[in-house]
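Atoms considered below: every heavy atom in the structure, side chains included; atoms not considered: hydrogens, waters and symmetry mates. First listed ligand is number 1; within each ligand, the first listed atom is number 1.
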Amino acid sequence: MTSPRKKYIIANWKMNFTPGQSSIYLQRLANRIPAQRSIQIVLAPTTVSLQPLSLQVDRRQFKLAAQNFYWRDYGAYTGETSVTQIRTFVDYALVGHSERRYVFNESEEDIAQKVAAAIRNGLTPILCIGETAVERKDGETAATIYRQLTNGLHEVSKEDISKVVIAYEPVWAISSNKNAKPAKPADLDEAVRLIRSHISKLYGKQIGEDISVLYGGSVNADTAGGYLDVEGVDGLLIGGASLIADSFCAIVETAKEKFNER
Ligand code: PGA
């Protein structure tokens with residue numbers, strides 16, 4: 001049975017592609033991936049590409065996401081871009097990605113403010129959470145997931161929680177981590193259950209069942225199917241493999257098959 005939860009394939013291009021290269025790549029994907037009825041495909045280019053791609057993209061085919069923004073609306077914040085400045089270009093925003101948390105020292109309070117700013121500005125925040133290798137070794141996976149959810153969502157009301165998507169991205173499995181080790185589908189099973197049960201505790205059982213939960217971390221065309229088979233996984237957040245058209249298109253094909261089977 002198809003679950004009513006929304007399904008996603010999200011491409012996180014990270015700090016790759018100039019605006020010109022992004023435009024060429026978008027065209028290539030647009031030629032190969034028809035608009036999907038059952039899966040929302042979201043592309044997250046670097047900030048400087050958002051405006052030009054927003055003019056080029058067919059939003060029935062792909063939506064755009066911001067990779068980052070500052071949570072205040074305007075003011076003396078040199079070098080920052082506010083969500084109000086980019087909200088007309090995008091429908092989604094990544095928040096709390098581990099590269100933001102650990103490379104740029106983004107705090108959980110900042111993350112909570114960003115989630116709230118995205119919602120206030122009509123965007124869907126994709127809140128990324130996940131434990132580090134050390135937290136996992138120390139048996140703190142559940143505590144980390146609970147803490148990051150509680151803190152990241154603390155500004156989000158019960159009315160607004162349905163506007164949030166959660167992405168489970170264990171830091172030890174993300175390809176940018178120098179000792180990255182791909183997760184096994186069984187690793188996700190437990191984490192996705194913990195996420196849903198904690199959301200249920202915070203917002204009620206139905207919301208815990210209805211919220212979309214994605215997986216991210218070294219997903220490629222060969223492994224995507226195994227992750228999508230895990231109960232409760234509603235899609236994938238893809239970094240490295242999303243930069244290669246053949247890989248990304250193959251992942252979309254796999255997702256189509258898997259979600260249609262359910
Ligand atoms: P990866 O990145 O697929 O290259 O591991 C995923 C992410 O960081 O969102």
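- Judged by the 6.0 Å and 45° rule, Lys184 forms no cation-pi pair with Tyr227.
- Between Asp229 and Lys258, at least one side-chain nitrogen of the basic residue sits less than 4.0 Å from a carboxylate oxygen of the acidic one, meeting the salt-bridge criterion.
- Cation-pi geometry between Arg28 and Tyr25 is not met: the NZ or CZ atom fails to fall both under 6.0 Å from the ring centre and inside 45° of the normal.
- Considering each of Lys14, Glu169, Glu99, the one bringing a non-hydrogen atom nearest atom 2 (O) of ligand 1 is Lys14.
- Ligand 1 places these atoms under 4.0 Å from at least one heavy atom of Asn12: 9 (O).
- The backbone and the side chain of Ile174 each have at least one atom closer than 4.0 Å to an atom of ligand 1 (non-hydrogen atoms only).
- Residue contacts with ligand 1 do not include Gly216, since none of its heavy atoms lies under 4.0 Å from the ligand.
- Comparing Pro170, Ser175, Cys128 against atom 1 (P) of ligand 1, the shortest heavy-atom distance belongs to Ser175.
- Residue contact check: Leu237 has heavy atoms under 4.0 Å from atoms 9 (O) of ligand 1.
- Counting atoms of ligand 1 from 1 in the listed order, those under 4.0 Å from a heavy atom of Ser218 are 1 (P), 3 (O), 5 (O).
- Polar contact with ligand 1: present for Gly240 (N/O pair, distance under 3.5 Å).
- Using a 4.0 Å cut-off between charged nitrogen and carboxylate oxygen, Glu231 and Arg193 do not count as a salt-bridge pair.
- The shell of residues lying under 4.0 angstrom from ligand 1, judged by heavy atoms, includes Gly217.
- Cation-pi check for Lys7 over Phe259 is met; the charged atom lies under 6.0 angstrom from the ring centroid and within 45 degrees of its normal.
- A salt bridge is absent between Glu140 and Arg136: the closest approach of a Lys/Arg side-chain nitrogen to an acidic carboxylate oxygen does not fall below 4.0 angstrom.
- For ligand 1, the atoms lying closer than 4.0 Å to a non-hydrogen atom of His97 are 7 (C), 8 (O), 9 (O).
- Figure legend: cation-pi geometry between Lys63 and Tyr92 absent, as NZ or CZ is not positioned both under 6.0 Å from the six-membered ring centre and within 45° of its axis.
- Counting protein heavy atoms only, atom 3 (O) of ligand 1 is closest to Gly239 N, 2.9 Å.
- Between Arg32 and Asp246 there is a salt bridge, since a side-chain N of the basic residue sits under 4.0 Å from a carboxylate O of the acidic one.
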